[in-house]
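Remarks on the structure that follows.
In what follows, chains carry the letters A, B, and so on, assigned in the order in which the sequence lines appear, proteins first and then strands, with residues in each chain numbered from 1. Only this structure's heavy atoms are used, side chains among them; waters, hydrogens and symmetry mates stay out.
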There are 2 protein chains.
Amino acid sequence: MKKITISDVAKQANVSRSTVSQYLNHRFDYMGEKTRDRIEQVIEELGYQPNIVARSLKQKSTKTIGVIVANILHNFSTEVSRAIEDVCHEVDIHTIICNADDEPKKEKKYIDMLRAKQVDGLIIFPTGGNKQLYQNMIDENYPVVFVDRKVDGIPVSSIMLDNHKSSKLAVDHCVEKGYDQIGIITTSIIRDVTPRLERLEGYERALNNRGIPIREEYKKSVEIESIQSTLHEMLQQDNPPQAVIAGNDLALIEILKYVKGHRLAMPEDLAVLGIDDVSFASFYSPPITTIAQPTFEMGEKAATVLLGKIQKQETKDEGIDIRFDPMLIPREST
Amino acid sequence: MKKITISDVAKQANVSRSTVSQYLNHRFDYMGEKTRDRIEQVIEELGYQPNIVARSLKQKSTKTIGVIVANILHNFSTEVSRAIEDVCHEVDIHTIICNADDEPKKEKKYIDMLRAKQVDGLIIFPTGGNKQLYQNMIDENYPVVFVDRKVDGIPVSSIMLDNHKSSKLAVDHCVEKGYDQIGIITTSIIRDVTPRLERLEGYERALNNRGIPIREEYKKSVEIESIQSTLHEMLQQDNPPQAVIAGNDLALIEILKYVKGHRLAMPEDLAVLGIDDVSFASFYSPPITTIAQPTFEMGEKAATVLLGKIQKQETKDEGIDIRFDPMLIPREST
DNA sequence: CTGAAAGCGCTTACAG
DNA sequence: CTGAAAGCGCTTACAG
């Protein structure tokens with residue numbers, strides 16, 4: 001069965017293709033009622049579906065945006081993407097989600113691919129490894145917004161957590177629980193990933209505020225595979241931390257695996273607290289204290305800002321970051 | 001900065017657009033070397049990127065497939081989708097993932113949308129609520145494959161787990177552990193969802209094989225929101241089950257919440273076992289016995305079958321289902 | 001109120 | 001070895 005086109009409809013309905021097109025685009029202003037009804041009926045009869053590819057080519061808009069997350073394994077990425085989809089869906093914009101897998105090369109591939117597919121704009125959780133590319137998009141006045149991370153020297157607004165505050169919340173909570181030896185473990189910071197850097201900074205500041213000395217042995221940033229061994233070392237010291245903060249959800253899972261493997265009791269042997277919520281936090285044994293990000297609001301904001309840029313054809317922003325407040329959810333692991 | 005097109009390249013390189021097109025499509029057979037080099041250089045200089053939308057329109061192929069999962073909340077859906085993406089990526093096919101959210105209406109919307117976008121084929125985890133639509137695609141010789149579920153009367157091959165076997169594995173494992181009062185809770189079967197139906201059947205057969213009588217009070221299929229209360233009732237009976245099988249990952253989570261909330265010890269108070277693996281199974285307290293699906297292989301198979309149909313232009317299959325073996329991962333919750 | 005014409009950015013026989 | 005022409009399926013001024 002061959003694909004039926006607007007010409008088939010036009011012929012069948014005895015009108016020109018333009019008229020059918022008017023119908024499709026709901027420009028009924030000057031259309032005779034019988035004409036409209038006839039077209040409607042023929043479309044129904046033939047099961048005609050307009051070819052969006054052709055329309056996009058002509059209109060120079062695909063009504064589609066792209067989302068490139070740095071790493072889909074983070075719960076945060078999934079939730080933010082979902083929020084973006086929801087918002088876009090409301091206004092009939094489609095969304096294509098891609099996963100850069102923390103590799104700048106893949107990120108570049110997806111940016112090129114999505115732009116070749118003519119998506120109307122891009123929401124990127126930048127790996128940070130493609131500065132030239134980011135800059136090109138700005139120069140070309142192409143609509144982009146960043147999420148979760150910012151890139152030095154690239155004037156694009158980024159939707160981010162107030163990471164300093166999240167660490168402060170974590171540290172203050174630990175102190176209130178009576179711990180003053182507090183460690184933190186984040187995933188690697190070799191690529192200057194904003195949230196990790198800021199959470200580390202925030203951790204130091206919070207300790208300072210509390211008059212607790214900072215100990216390098218309590219503060220580690222390593223590859224995910226090394227988190228368990230790093231924690232092991234940390235706990236083998238003479239004066240091991242009583243509490244440890246996980247820099248993100250993936251780090252938290254590694255820490256929990258270690259705790260489980262070594263049959264430590266939480267919080268008696270080690271208090272554990274994670275930045276980023278995890279699906280099982282509430283029914284884990286014991287339930288895990290976490291610091292959640294307002295993922296829905298953040299995704300919503302990212303979408304709104306991008307759609308604004310697309311609509312207003314004004315892609316310039318002052319690169320002013322938009323920060324969201326973290327939320328402490330105290331549970332029993334601390 | 002305006003978008004540059006093939007014409008700009010042609011002009012700049014002093015050749016016709018056709019020649020540039022030949023270059024883009026790697027048809028160098030008859031192209032002068034200097035011509036090729038000149039084009040290459042101009043493209044580089046201008047930062048030209050071909051417009052895929054235009055190409056797709058002409059070639060009548062978008063090199064993109066669509067994947068519509070019934071419900072993205074299932075771990076299974078995510079993992080299968082990832083495998084599909086991986087396979088497609090290898091052969092330069094793009095993938096668009098959509099979530100029907102268990103609603104036939106949304107499913108229809110996405111099928112229509114993806115087809116309007118001219119994707120070359122569709123992998124569907126069918127809700128089952130759009131038989132006419134499925135049938136239309138077959139009639140139109142449009143490439144489709146089903147995953148996880150089959151639809152009565154629709155001759156499309158489906159990639160599925162051997163669900164009977166998964167229940168058998170579960171029941172046999174429980175029996176070997178010394179339990180003979182074994183319950184099962186699945187999510188709702190009002191829409192005849194294949195895996196749920198088959199897992200229930202398999203459960204009954206396995207009990208029969210073992211000579212254990214089937215008790216209706218031990219066998220429940222309810223909405224996700226009612227799982228905890230259903231389990232509560234089940235355990236309040238005179239002769240409550242010693243073990244309960246979760247029909248899928250979402251059911252398992254509800255059961256774990258209940259167990260947690262009522263401070264039951266696993267497996268002493270209640271043995272728990274889930275069909276579908278969950279991310280935290282290995283480090284939960286106690287680690288959860290699960291029956292895993294070979295998600296990667298299943299996604300791979302789905303992609304291969306679909307790509308085959310697309311390539312061979314032969315979309316007919318005998319609707320023969322392809323089954324994969326489940327795998328028991330015994331841990332400490334049973 | 002409706003139609004003829006041009007054009008979106010490519011690709012593809014075909015001619016030379 | 002390269003170019004002119006037609007066409008993919010739409011939309012959009014514009015004319016009448």
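Within the 4.5 Å cutoff, the side chain of A:Ile159 has no heavy atoms near those of the A:Ile123 side chain. For the pair A:Pro126/A:Glu107, a side-chain contact is recorded, criterion being any heavy-atom separation below 4.5 Å from C-beta on. Between A:Tyr48 and A:Asp8 there is no side-chain heavy-atom pair separated by less than 4.5 Å. With a 4.5 Å cut-off on side-chain heavy atoms, A:Cys98 and A:Ile72 do not count as touching.
Remark: the backbone N or O of A:Ile52 is paired with a side-chain donor or acceptor of A:Ser56 at under 3.5 angstrom.
Nearest approach of A:Ser61 to A:Asp120, heavy atoms of both residues: OG-OD2, 3.0 Å. Across all their heavy atoms, A:Thr127 and A:Arg191 have their closest contact at O-CD, 3.3 Å.
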Revision key, fill the gap. Nucleotide by nucleotide, nucleotides 7-16 of chain C touches protein heavy atoms under 4.0 Å in the pattern (B base, S sugar-phosphate only, - none) BBBBBB----

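A:Thr35 comes within 4.0 angstrom of the backbone, heavy atoms only, and of no base.
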Review point. Given pairs defined as Watson-Crick or G-U wobble with both distances under 3.5 Å, what dot-bracket annotation applies to DNA chain C, with ( ) intrastrand, [ ] crossing, | other strand and . unpaired?
Key: |||.||||||||.|||

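Between A:Tyr134 and A:Phe146, the two ring planes are perpendicular [angle over 60°; tilted spans 30° to 60°].
One interatomic measurement links the two molecules: CZ of B:Arg38 to C1' of D:dC1, which rounds to 12 Å at whole-angstrom precision.
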